[in-house]
Amino acid sequence: MNEAPLMTGLFPDRESAERGYNALSERGYSAKDVNLVMSDDTKKRHFAAAGTETELGNKAAEGAGVGGAIGGTLGAIAAAVAAVGTTIAIPGLGLIIAGPLAAAIAGAGAGAATGGLVGALVGWGMPEERVKQYDEGIRKGGILMGFRPRNDDDAEYINNTWTSSRAQDVYR
């Protein structure tokens with residue numbers, strides 16, 4: 001299996017993460033292609049207040065393009081967390097993981113989940129030093145987003161968009 005390396009970025013807040021997620025949606029990526037990692041506190045603070053029944057939320061859930069201003073709606077990321085096939089909470093660490101990574105951890109059983117974020121992301125081919133940087137950022141309220149680019153054009157576009165959306169530590 002010749003998979004592209006995981007491209008990742010750490011977003012400091014919901015607004016910047018929404019822009020990053022929307023850029024992926026514009027390139028044809030769906031919630032099933034995107035990994036999200038955030039603390040349980042971050043999820044509650046930014047995403048628990050609104051319900052999931054919004055036009056934007058429904059579009060994200062259907063994998064359709066998301067456009068326009070986010071405004072007071074739920075937003076694409078919260079819809080992705082709600083719509084993605086697998087979301088797991090890692091007890092004791094207070095982390096929420098959504099996307100293919102969550103499915104892989106869940107499929108590996110409880111032992112992998114208790115290994116925590118570092119073990120999970122290192123297992124996905126991320127250098128341990130980078131994972132530790134992300135771990136610290138997530139604990140400070142950041143939202144980690146990752147996906148596997150289909151081609152170099154997508155990787156370049158997303159790199160530029162994420163960087164201009166205030167993503168930190170973007171790696172490809």
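Bear in mind the structure is a predicted one, so any value in this text is a computation, not a measurement. We number each residue from 1, following the sequence as shown.
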Q: Only one of D154, D33, T161 passes side-chain contact (heavy atoms from CB on, under 4.5 Å) with R27; say which it is.
A: D154

Q: Drop me the distance from I158's CD1 to M145's CE, to the nearest 0.5 angstrom.
A: 9.5 Å

Q: Counting C-beta onward and ignoring hydrogens, is there a side-chain heavy-atom pair between T8 and V170 closer than 4.5 Å?
A: no

Q: Below 4.5 Å, heavy atoms only, C-beta onward: do R130 and D169 meet side chain to side chain?
A: no

Q: Heavy atoms only: give me the nearest P5-R148 pair and the separation to one decimal.
A: C-NH1, 3.6 Å

Q: Using a strict cut-off of less than 4.0 Å between a Lys/Arg side-chain nitrogen and an Asp/Glu carboxylate oxygen, indicate whether K140 and E136 qualify as a salt bridge.
A: yes

Q: Looking at D152, I want to see if its CG is surrounded by more than 12 non-hydrogen atoms of other residues, nucleotides or ligands under 6.0 Å.
A: no

Q: Given the rule in the ring-ring contact (aromatic ring centres under 6.0 Å, His included) test, do Y21 and W162 qualify, once you have shown the distances and angles that lead to the verdict?
A: CA-CA 9 Å; Y21 185 86; W162 282 9; 9.9 Å; no

Q: Is it the case that the side chains of S16 and D13 hold a donor-acceptor pair, with the cut-off being a distance below 3.5 Å and no angle test?
A: yes

Q: From R139 CZ over to D41 CG, what is the distance, rounded to the nearest 0.5 angstrom?
A: 10.5 Å

Q: Would you check if E18 and F11 make a side-chain contact, meaning some heavy-atom pair closer than 4.5 Å?
A: no

Q: When you measure from the side chain of Y134 to the backbone N and O of I143, does any donor-acceptor pair fall under 3.5 Å?
A: no

Q: Any salt bridge between E156 and R172, counting N to O under 4.0 Å?
A: yes

Q: At what distance, to the nearest 0.5 angstrom, does CE of M7 lie from CG of N159?
A: 4.5 Å

Q: Rounded to the nearest 0.5 Å, what separation is found between the OH atom of Y171 and the CG atom of L10?
A: 10.5 Å

Q: Please examine the side chains of N35 and L6, heavy atoms only from C-beta on, and report whether any two atoms are closer than 4.5 Å.
A: yes

Q: Please check: side-chain N/O of S30 versus main-chain N/O of K32, any donor-acceptor pairing under 3.5 Å?
A: yes

